[in-house]
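Start at 1 with the first residue, then count along the sequence.
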Amino acid sequence: MAGVASGEEAYMRRMRMAAPLQPPPPPPPPLPVPSDSKRRSSTPTSETTPPYQQQSHPSRHHSHDHRDQHHDSRKRSSETIQPPFPPPHIPPPTPIVLLTNMVGGGEVDADLEGETAAECGRFGKILECVVFEVPYQVPDGEAVRIFIRFENVQGAIRAQKELNGRFFGGRTVAASFFDPQRFRIGDLV
């Protein structure tokens, strides 16, 4: 039984990796520009004094102004907004679309493959349609996996966009792209 549990775990891990990703949240709004940088003059009041020193306090020494300016520039550069994490890796589209949650385990009939291929044929030329029932216990929505291999990736993209989230027989279909190498060697779980 230990092999079955680890197989289920591996399957669930692959399902999570193959599941369509949610779009990343919108980026935060840019920080407001400090008011002193908006007031920079294109014509300095003194030819030898840069604009940042003109705004310094009159009682400060020139060398002190330089240190303050250096400190201020470091502070401003640290205020640059950086995303808290890199954007998620989104795999590139492939000519193979995986459909899940169309039917539950034990609900596959003789017409499912032909009907699915006919429906997907409006997105592009179908080279192959494979209905695969997972041979071990998994959640009902993942028990039947339908693979549609298109002649080109454009047809697969249209199918994935149109079918993902569509209702079929009271279920919400999940459509994602599938690795052609895994499909070729028959690694369908």
Measure the shortest side-chain to side-chain distance between [X] and [Y] over non-hydrogen atoms and say whether it is less than 4.5 angstrom.
X	Y	result
F167	T172	yes
F123	E162	yes
F183	T94	no
P180	P95	yes
V131	V144	yes
I146	V130	no
F150	K125	no
T116	I148	yes

Using 0.5 Å steps for rounding, measure from the [atom1] atom of [X] to the [atom2] atom of [Y].
X	Y	atom1	atom2	answer
D187	Q181	CG	CD	10.0 Å
R166	R171	CZ	CZ	15.5 Å
F132	F147	CZ	CZ	7.0 Å
S176	L99	OG	CG	8.0 Å
R122	E119	CZ	CD	4.5 Å
F177	I157	CZ	CD1	5.5 Å

Are R145 and E142 close enough for a salt bridge, meaning some N to O gap below 4.0 Å?
->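 Result for this pair is no, no salt bridge flagged.
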Would you confirm whether [X], through its side chain, and [Y], through its main-chain N or O, come within 3.5 Å as a donor-acceptor pair?
X	Y	result
N152	G155	yes
E151	G124	no
R184	D179	no

Common cluster, L98/L127, ILVMFWY with side-chain heavy-atom separation under 4.5 Å |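 Each belongs to a different hydrophobic cluster.
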Give the minimum heavy-atom separation between A117 and I126, together with the two atoms involved.
->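 Looks like O-CG1, 3.9 Å.
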Quick one: closest heavy-atom pair of V97 and A175, and the distance?
->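 So the two residues come closest at CG1-CB, 4.2 Å.
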